[in-house]
Amino acid sequence: MASSMSPTTTKRKGPLENNNQNKSKKSHWSAALSDALDDESVRLYRDDLCTVIRDKFPKAKIHLLVMPNEHITDLKCVNDTHVPLLKHMLKVGKEVAEKIAAKENATGSFAQFRYGYHAIPSLALLHMHVISQDFISPSLKTKKHWNSFTTSYFLDASDVIDDLQANHAIRVDVARMRKLLDNELQCHECPHTFPTIPKLKQHLMTHIY
DNA sequence: GTTCTAGAAC
DNA sequence: GTTCTAGAAC
């Protein structure tokens, strides 16, 4: 039919269309964990208090994140009323990690874990790292990555809980922690130090048994 | 947090 | 010449 021609819906690209009016607006990168919390497809475990996912950019063979379901931005927001929650997150982290390690037949450092928090996190939702101690992963790329997991920038979950019970809050020396990220690259299992990340990563292979 | 890449380091 | 790191990202 000739009358149906030339629909008036032809789209013209213009500045107004670039205004982000659609509802599928992407979150800022720092909200990635809040998004993950609501994404059932990435859940390894969830209960009334917390959720466990795999880190999207794992820095070791097994690298999990345990997050509270309640929105707590970071350790600065945590007080002694949160002690039971943090204890629960640690218990859950251990259980899930050991279950995965058994399932994957992990041995040696691949089955040894540390549980803790970064002193200065980048993502805006409290998250406890569960990380196997092999540190063999393509996503481990920078000095900051390395030092954030192998220096005292990594706050052991049990120390955080003790600190909370003793002092009712977590205090972080930000300047001191930032400096730790610039430390020389030292192996976490022996005294050797390395000039570059590739040399360190090559060395990490020698600790596999 | 990651990606990208300029230029430092070798 | 290549490898590697460090800082911007509007």
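Lettering follows sequence order; numbering is per chain, from 1.
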Please write out each protein N/O paired with an N/O of nucleotides 3-10 of chain C under 3.5 Å, distance rounded to 0.1 Å.
| residue | atom | partner | partner atom | Å |
| --- | --- | --- | --- | --- |
| C/dT5 | OP1 | A/I197 | N | 2.7 |

With both distances under 3.5 Å as the test, what is the Watson-Crick or G-U wobble partner of C/dC10?
none
Report the distance from atom CG of A/L123 to atom P of B/dG1, rounded to the nearest whole Å.
7 Å
Atom NE2 of A/H118 to atom C1' of B/dG1: distance rounded to whole Å?
11 Å
Between A/K143 and A/D182, is there a side-chain N and carboxylate O pair less than 4.0 Å apart?
no
Determine, for A/E95 against A/K99, whether the closest basic-nitrogen to carboxylate-oxygen distance falls under 4.0 angstrom.
no
Remember a base hit wins even if backbone is also touched, and classify A/K144 as base, sugar-phosphate or nothing at under 4.0 Å, heavy atoms.
sugar-phosphate
Could you tell me whether the side chains of [X] and [Y] share a donor-acceptor contact shorter than 3.5 Å?
{"X": "A/D74", "Y": "A/H127", "answer": "no"}
{"X": "A/N183", "Y": "A/T151", "answer": "no"}
{"X": "A/S41", "Y": "A/D39", "answer": "yes"}

Establish, with yes or no, whether the OP1 or OP2 oxygen of B/dG1 is under 4.0 angstrom from a side-chain nitrogen or oxygen of A/H28.
no
Could you check whether the rings of A/H203 and A/H207 sit parallel, tilted or perpendicular, using 30° and 60° as the cut-offs?
perpendicular
